[in-house]
Structures are given as structure tokens and as C-alpha cells.
S.K.: 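Before anything else, here's the structure in question.
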Amino acid sequence: MARDLIGCLLVVDHPDGRAALRLVETEAYRGALDPGSHGYRGPRPRNQSMFGPPGRLYVYLSYGVHFCANVVCGPEGVSEAVLLRAGEPVAGVDAIRARRGIESDRLLASGPGRLTQALGITREHDGASLLRGGSMWCARDELTQRFQETGISQTKRIGLGAGRGDELPWRFVVAGHPFASRTR
DNA sequence: CAGAAGATCTGC
DNA sequence: CAGATCTTCTGC
């Protein structure tokens, strides 16, 4: 699923206009099977939405500072999710730039915290549905298939400590894409 | 119950 | 490279 989301559009209708990113970097987190997942040790107040039905957002506060957004993928009770790590702005760039408060194009949504800030996603969007009828959704367009075929690299996930599944190749990124996050 | 670490980013 | 500062886990 994390791979399938590469090249998809993430669209958010915000009061100040619609913005969209083309996803270029994601990571898979596999719940109870994955010591790197927030769902590994079962439901908690913070991660409730991970255990809910699929097609919703799980948004959490990272390091007490930045929000990170996941798409919940597993059936109810199974906390599988895909962390959205980076995207290229394709619509609403002015609104995105205003929210980010920077000039550089490349840094607008290249990193999980930057991506949520770019789209105006906060903890209030935790549990929000990406299915029909909501104010945010995922979509494919004519370019999505190209991105899927252009070359998707698979690497270790970023920022995990040793023994937390840090060797697993569950990060997906469009090879060499300038809007991907830095690999540190 | 206190301390530490964590799916990060910015500015010094 | 330190700091910001929320949530969860571990050890005493």
C-alpha cells in the first residue's frame, strides 16, 4: 500500500483554497508486526485512529513540535498505516507557501512535518476520512502511472532506532526526486 | 513517579 | 548542533 500511494495526489480543501501534493515518499508501518509502529504495543489515547477503519488519517505530534500524517490501511483493529513523508505541490501553491512561510520550492513538503504544515493538517484532522464526501482525499491522474513506472527506490525507514525494525526496507521514494526528503 | 527517547525541523 | 516540548515507555 505504501508503494501504491507513490505518484497519487493528496488533495485538501481548506477554507483558504484547495491544495494538492503529488506523493513522492512514503513509509509502511505494520502495527503489531512492527516494533517501529506506534501500534506495536496496542491502542493508546494517541493512536486510537490507527485501530479504526481504513481510509482515515492518523495524525500525531512528533517531538512535541511537528504533526505527521498517516493513511490507515488495515481493517478495523489492525493498526497498519502509511506515513506520508514528502510530496510535490501541484495545486494551491500560494496557500502552501503562505502556511510554510518560506520561499524555496523544494522544501515546501519534503519531510513529514513539512508536508502536514503545507496542507494545514493538524491533530484536529486525526481520524478524518479520505473517502467520498470529505474535505480531503487521494486521487490518481494520468501521471500517477508514470510515477509508478519511473523507478521507485526502496530503502530503510528514516529516524528509527536500532531494534525497532530499522533494517526493514519499507520506505518508498521516487528515485532521485528533488522533492523527496533528505536521507540524513 | 521521574527520566529518557522518540516515525522532526529550524535557526544559530 | 542544540532546542522546542508532547506522548509513551522503563526503571526504581
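Within every chain, numbering begins at 1; the chains are lettered A, B, ... in the order of the sequence lines, protein sequences first and strands thereafter.
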S.K.: Nearest whole Å is fine: how far is B/dG6 C1' from A/Y60 OH?
M.R.: 9 Å

S.K.: Got a donor-acceptor pair under 3.5 Å from the side chain of A/Y63 to the base of B/dA7?
M.R.: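 No.
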
S.K.: Between B/dC1 and C/dT5, how far apart are the two P atoms, rounded to whole Å?
M.R.: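 These two P atoms come out 25 Å apart once rounded.
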
S.K.: Partner lookup for C/dT5, please. Criteria are Watson-Crick or G-U wobble with both distances under 3.5 angstrom; report none if nothing qualifies.
M.R.: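 C/dT5 is paired with nothing.
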
S.K.: Could you walk me through whether A/R99 and A/D16 pass salt bridge (charged side-chain N to carboxylate O under 4.0 Å, His left out), step by step?
M.R.: CA-CA 11 Å; A/R99 282 191 283 261; A/D16 43 319; 3.3 Å; yes

S.K.: 5'-most contact on DNA chain B: A/P112 or A/R46, nearest heavy atom basis?
M.R.: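 This one resolves to A/R46.
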
S.K.: Can you tell me how far P of B/dA5 sits from CG of A/L160, to the nearest Å?
M.R.: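 Taking atom P of B/dA5 as the reference, CG of A/L160 is at 16 Å.
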
S.K.: So A/G113, base contact, sugar-phosphate only, or nothing? Heavy-atom distance under 4.0 Å.
M.R.: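 A/G113: backbone/sugar contact only, no base atoms under 4.0 Å.
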
S.K.: Which nucleotide wins on minimum distance to the side chain of A/L61, given the candidates C/dC6, B/dA7, C/dT8?
M.R.: C/dC6

S.K.: Measure CD/A/E25 against P/B/dA7 and give the value in whole Å, please.
M.R.: 16 Å

S.K.: Would you say the side-chain atoms of A/S49 and A/R56 include a donor-acceptor pair closer than 3.5 Å?
M.R.: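 No pair is found: no donor N or O on one side chain lies under 3.5 Å from an acceptor on the other.
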
S.K.: Ignoring hydrogens and angles, state whether a donor on the side chain of A/T26 or A/R85 is under 3.5 Å from an acceptor on the partner side chain.
M.R.: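 No - no donor-acceptor pair under 3.5 Å links their side chains.
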
S.K.: Side-chain N or O of A/R164 less than 4.0 angstrom from OP1 or OP2 on B/dA7?
M.R.: yes

S.K.: With a 4.0 Å limit, can you tell me whether A/H66 has a side-chain N or O closer than that to the phosphate oxygens OP1/OP2 of B/dC9?
M.R.: no

S.K.: Select one nucleotide: of C/dT10, B/dT8, B/dC9, the one nearest the side-chain heavy atoms of A/R41.
M.R.: C/dT10

S.K.: Where do A/H38 and A/Y29 land on the ring pair (Phe, Tyr, Trp, His ring centres under 6.0 Å) test, with the steps shown first?
M.R.: CA-CA 8 Å; A/H38 286 175; A/Y29 286 87; 7.5 Å; no

S.K.: List the steps, then state whether salt bridge (charged side-chain N to carboxylate O under 4.0 Å, His left out) holds for A/D105 with A/R97.
M.R.: CA-CA 8 Å; A/D105 283 333; A/R97 206 186 298 280; 3.2 Å; yes

S.K.: For B/dA7, which nucleotide is its Watson-Crick or G-U wobble mate, given both distances must be under 3.5 Å?
M.R.: none

S.K.: Just how far, in rounded Å, is C1' of B/dA7 from CZ of A/R44?
M.R.: 17 Å

S.K.: Could you state the CD1-C1' distance from A/I158 to B/dT8, rounded to the nearest angstrom?
M.R.: 11 Å

S.K.: Please give, in whole Å, the distance from B/dA7 C1' to A/R85 CZ?
M.R.: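 Roughly 7 Å, once rounded to whole Å.
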
S.K.: Calculate the interatomic distance between A/R106 atom CZ and B/dC9 atom P; express it in whole Å.
M.R.: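 Between P of B/dC9 and CZ of A/R106: 13 Å.
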
S.K.: Would you classify A/R157 as touching base, sugar-phosphate or nothing, given that sugar-phosphate means primed atoms plus P, OP1 and OP2, and contacts are heavy atoms under 4.0 Å?
M.R.: nothing

S.K.: Answer with base, sugar-phosphate or nothing: what part of the nucleic acid does A/R100 contact at a heavy-atom distance below 4.0 Å?
M.R.: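 Counting heavy atoms under 4.0 Å across all strands, the contact made by A/R100 is with sugar-phosphate only.
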
S.K.: What verdict does the salt bridge (charged side-chain N to carboxylate O under 4.0 Å, His left out) test give for A/E88 and A/R22, after you've listed the backbone C-alpha separation in whole Å, the side-chain angles of each residue and the deciding distance to 0.1 Å?
M.R.: CA-CA 5 Å; A/E88 174 176 357; A/R22 187 176 306 281; 5.8 Å; no

S.K.: For the side chain of A/P45, starting at C-beta, report the closest nucleotide among B/dC9, C/dT8, B/dA7.
M.R.: C/dT8

S.K.: Once you round it to whole Å, what is the distance between C1' of B/dC9 and CG of A/L115?
M.R.: 14 Å

S.K.: What nucleic acid atoms does A/L83 come within less than 4.0 Å of, heavy atoms only: base, sugar-phosphate, or nothing?
M.R.: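 If one applies the 4.0 Å heavy-atom cut-off, A/L83 turns out to touch a base.
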
